**Q** 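One structure, as structure tokens, below. Some questions next.
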Amino acid sequence: MSVLDQDFVQDFIRMCADGYHQGWHERNGGNLSYRILPEEIAVICDQLNESGEEFPIGTEVPSLKNEFFLVTGSGKYFRNVELDPENNLAIIKIDETGKNYQIQWGLADGGKPTSELPSHLMNHAVKKACTKGLYRVVYHAHTTNVIALTFILPLNNEVFTRELWEMATECPIVFPDGIGVLPWMVPGGAEIAAKTAELMKVYDVAVWAHHGMFATGETFESTFGLMHTVEKAAEILIKVLSVRSDKRQTIEPEQFRQLAEEFQVLLPETFLFEKEKI
Ligand code: 2HA
Ligand code: ZN
């Protein structure tokens, strides 16, 4: 069976197209990676090229040794993934040391995996460890409203989480652990990757100030749904703040506690602080 006929490849391509149509992937913005299951690799192994050059990842991910990933290409446009997947995507294999990768399929006209490969792989390493291997998807998008909020809210995990939770009743149920926020940093390297991975030990979502968001999850649809929910909440908040700087009414801490009980989710009290009344 051809690589392109595989369900995981089709789901990956669909997610790229969906993200593009949301407006989150201008030019070559954003990237996506998927940790491929052994049984998924088994059916396409005859189409993988094991003789290519090895390149340094730029960081170390020993717990991902010998794992295969489907990733978007560096400088490639999400718009084009659906039109020409073989030139815009790659299957890479991590070597025995966790320091290098080899391109085994895709990027037919040349190229490298996503410039955010260190962040993707370090997030995968953290999530593989803390979800017993369940999480397989890491997604980075340039979500307009979340980016806008990083200019006006304090860059603080508690404030971002609480403000976004208040924007829609489903938010604390969809991301009960909250979201993490990083101040502006140079993208693409090991430093921002390490800081993001640190946040991913606690959260499924990390915001990069003045840049975008990372979301992680078990499936393509749950990861996309998470990104979509957070961005939708941010859009509501931007609309509210565009009309007036204070809220006339909102969801209160006691109401979040009721929600937690009814929906059997744990909402950490750190996000349910009393706000100073103006
Ligand atoms: O251009 O989004 O963060 C791809 C990116 C870099
Ligand atoms: Zn980016």
Side-chain angles (χ1 to χ4, degrees), residues 12-34 55-59 61 69-85 87-92 101 103 106-107 109-127 137-151 153 155 160 179-200 203-217 220 223-224 226-228 230-231 234-235:
F12 188 108
I13 292 169
R14 178 182 145 186
M15 183 154 157
C16 290
D18 288 349
Y20 172 75
H21 290 296
Q22 288 295 330
W24 301 338
H25 300 287
E26 75 290 341
R27 202 173 180 277
N28 62 319
N31 20 78
L32 177 62
S33 63
Y34 170 69
F55 299 97
I57 295 166
T59 186
V61 283
F69 292 86
L70 178 60
V71 299
T72 48
S74 177
K76 305 293 187 184
Y77 292 26
F78 265 49
R79 174 73 184 99
N80 294 333
V81 169
E82 187 179 31
L83 306 172
D84 189 6
N87 269 314
N88 291 285
L89 305 180
I91 292 176
I92 60 168
Y101 69 86
I103 299 170
L107 294 174
D109 288 345
K112 289 270 176 78
T114 167
S115 60
E116 301 293 357
L117 192 63
S119 282
H120 277 261
L121 294 180
M122 288 187 82
N123 289 340
H124 277 291
V126 163
K127 286 302 180 189
V137 182
V138 174
Y139 181 32
H140 169 58
H142 294 175
T143 43
T144 316
N145 293 284
V146 164
I147 296 169
L149 283 180
T150 65
F151 294 89
L153 290 184
L155 301 174
F160 258 77
I179 66 178
V181 185
L182 279 186
W184 186 88
M185 291 179 74
V186 175
E191 196 187 343
I192 197 168
K195 293 267 191 228
T196 309
E198 200 56 40
L199 290 176
M200 286 298 180
Y203 307 107
D204 286 347
V205 179
V207 172
W208 283 2
H210 324 321
H211 184 148
M213 221 190 321
F214 267 83
T216 58
F220 292 108
T223 310
F224 188 86
L226 177 59
M227 183 74 82
H228 202 180
V230 175
E231 171 60 7
E235 183 181 352

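None of the values given here were measured: they were computed from a predicted structure. Remember, it's 1-based here, ligands and their atoms both numbered in the order they're listed. Atom set for the values below is all heavy atoms of this structure, side chains included, hydrogens, waters and symmetry mates excluded.
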**Q** His124 and Ser33: side-chain donor and acceptor closer than 3.5 Å?
**A** yes
**Q** Taking side-chain hydrogen bond (donor to acceptor under 3.5 Å, both in side chains) as the cut-off, I'd like each qualifying pair that reaches into residues 181-195, sequence neighbours left out, listed once.
**A** none
**Q** Is the contact between Asn31 and ligand 1 made by the side chain, the backbone, both, or neither, using heavy atoms and a 4.0 Å cut-off?
**A** side chain
**Q** Identify the heavy atoms of Leu107 and Pro113 that sit nearest to each other, and give their distance.
**A** CD1-N, 4.0 Å
**Q** With atoms numbered from 1 as shown, which atoms in ligand 1 lie under 4.0 angstrom from a non-hydrogen atom of His211?
**A** 3 (O)
**Q** Counting only pairs under 3.5 Å, give me each side-chain donor-acceptor contact of residues 13-23, with atom names and distances, residues two or more places apart or in other chains.
**A**
| residue | atom | partner | partner atom | Å |
| --- | --- | --- | --- | --- |
| Arg14 | NE | Asp18 | OD2 | 3.4 |

**Q** Would you give the length of the straight line joining atom CZ of Phe69 to atom NE2 of His120, rounded to the nearest 0.5 angstrom?
**A** 11.0 Å
**Q** List nothing but the number: protein N/O/S atoms under 2.8 Å from the Zn ion (ligand 2).
**A** 3
**Q** Distance only, no hydrogens: is a donor on one side chain within 3.5 Å (strictly under) of an acceptor on the other, for His25 and His142?
**A** no
**Q** Can you list, pair by pair, the side-chain donor-acceptor contacts under 3.5 Å of residues 74-81, counting residues two or more places apart and other chains?
**A**
| residue | atom | partner | partner atom | Å |
| --- | --- | --- | --- | --- |
| Lys76 | NZ | Asn87 | O | 3.3 |

**Q** What atoms in ligand 1 come closer than 4.0 Å to a heavy atom of His140?
**A** 2 (O), 3 (O)
**Q** At a non-hydrogen distance cut-off of under 4.0 Å, which region of His142 contacts ligand 1 (side chain, backbone, both, or neither)?
**A** side chain
**Q** Any chance you could measure Trp208, atom CH2, to Phe214, atom CZ, to the nearest 0.5 Å?
**A** 4.0 Å
**Q** Could you find the nearest protein heavy atom to atom 1 (O) of ligand 1 and give me its residue, atom name and distance?
**A** Asn28 O, 3.1 Å
**Q** At their closest point, which heavy atom of Thr196 faces which heavy atom of Ser119, and how far apart are they?
**A** OG1-OG, 4.4 Å
**Q** For ligand 1, is there an N or O atom under 3.5 Å from any N or O atom of Pro187?
**A** no
**Q** Going by the closest heavy atom to atom 6 (C) of ligand 1, which one wins out of Glu116, Arg27, Glu26?
**A** Glu116
